[in-house]
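Every heavy atom of this structure was used, including side-chain atoms; hydrogens, water molecules and symmetry mates were not.
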Amino acid sequence: HEETLGILSAADGLLLTSHTEAYPTVVFEALVVGCSVFTRPVGILTDIEHPRLQVTSLKKFPERICNTTYSNTLQLDEVTLNEYSMERFADKILWTIEEGLR
C-alpha cells in the first residue's frame with residue numbers, strides 16, 4: 001500500500017477506466033496525494049465535485065487529459081483526506097443502518 005501511494009504521489013494523473021465501482025478508494029487516495037483523476041461516471045464519483053476529479057466518458061479522456069493543468073504540490077490534501085476517509089465512509093454507512101432500524 002505504501003508503494004502504491006508513492007507511485008500515485010509521483011504521478012500526474014490516474015486513469016480509472018472501470019465499468020463499475022462502488023467506492024473506489026484508489027481515486028480518493030490519488031486525490032489526497034495531489035494526483036489528478038480521470039474517471040468514467042461510476043459509483044459515487046458522479047456525485048463528487050473536486051477540482052482534480054474529471055468524470056467523463058472514455059471517449060473524452062484524451063481531451064480532458066490534454067486540457068488539464070497539473071500542479072501536484074507533493075503535499076497531503078488534508079481536506080480531501082478528512083472528507084473521503086474510509087473511517088468517515090464506514091461511519092456514514094453505520095449511521096444510515098441505525099437510522100433505518102429506528
Does the side chain to side chain contact (heavy atoms under 4.5 Å, CB included) test come out yes or no for E98 and I93, once each step is laid out? CA-CA 9 Å; E98 287 175 7; I93 289 173; over 6 Å; no
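Note: L14 CG to I7 CD1 = 11.5 Å, rounded to the nearest 0.5 Å. Between T39 atom OG1 and L45 atom CG the span is 5.0 Å, to the nearest 0.5 Å. In this structure, CG on L31 lies 5.5 Å from CZ on R52, to the nearest 0.5 angstrom. Here the CD-CG distance, from E29 to L81, works out to 10.0 Å after rounding to the nearest 0.5 Å.
Its side chain within the 4.5 Å cluster rule, L58 clusters with L15, F38, F61, I65, Y70 among the Ile, Leu, Val, Met, Phe, Trp and Tyr residues.
Judged as a salt bridge (Lys or Arg N to Asp or Glu O under 4.0 Å), the pairs with a partner in residues 80-95 (not counting sequence neighbours) are, in order, E83-R88.
Evaluation of the side chain to side chain contact (heavy atoms under 4.5 Å, CB included) rule for L94 yields no partner, not counting sequence neighbours. With sequence neighbours left out, the salt bridge (Lys or Arg N to Asp or Glu O under 4.0 Å) criterion links R64 to no other residue. With sequence neighbours left out, the side-chain hydrogen bond (donor to acceptor under 3.5 Å, both in side chains) criterion links E99 to R102.
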Listing, residues 16-24 side-chain donor-acceptor contacts under 3.5 Å, not counting sequence neighbours, or none:
residue : atom : partner : partner atom : Å
S18     : OG   : E21     : OE2          : 2.8
H19     : ND1  : R40     : NH1          : 2.9
Y23     : OH   : Y84     : O            : 3.0

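L53 places none of its side-chain heavy atoms less than 4.5 Å from the side chain of F28. Under the 4.5 Å side-chain criterion, counting only non-hydrogen atoms from C-beta, L8 is in contact with V26. Contact check for Q54 versus N67: no side-chain heavy atoms found under the 4.5 Å cut-off.
Considering all non-hydrogen atoms of both residues, P41 and V55 come closest at CA-CG1, 3.5 Å. Residues A11 and C35 come closest through the heavy atom pair O-SG, 3.8 Å.
In the hydrophobic clustering of this structure, I44 groups with V32; members are Ile, Leu, Val, Met, Phe, Trp, Tyr whose side-chain heavy atoms approach within less than 4.5 Å, directly or through other members.
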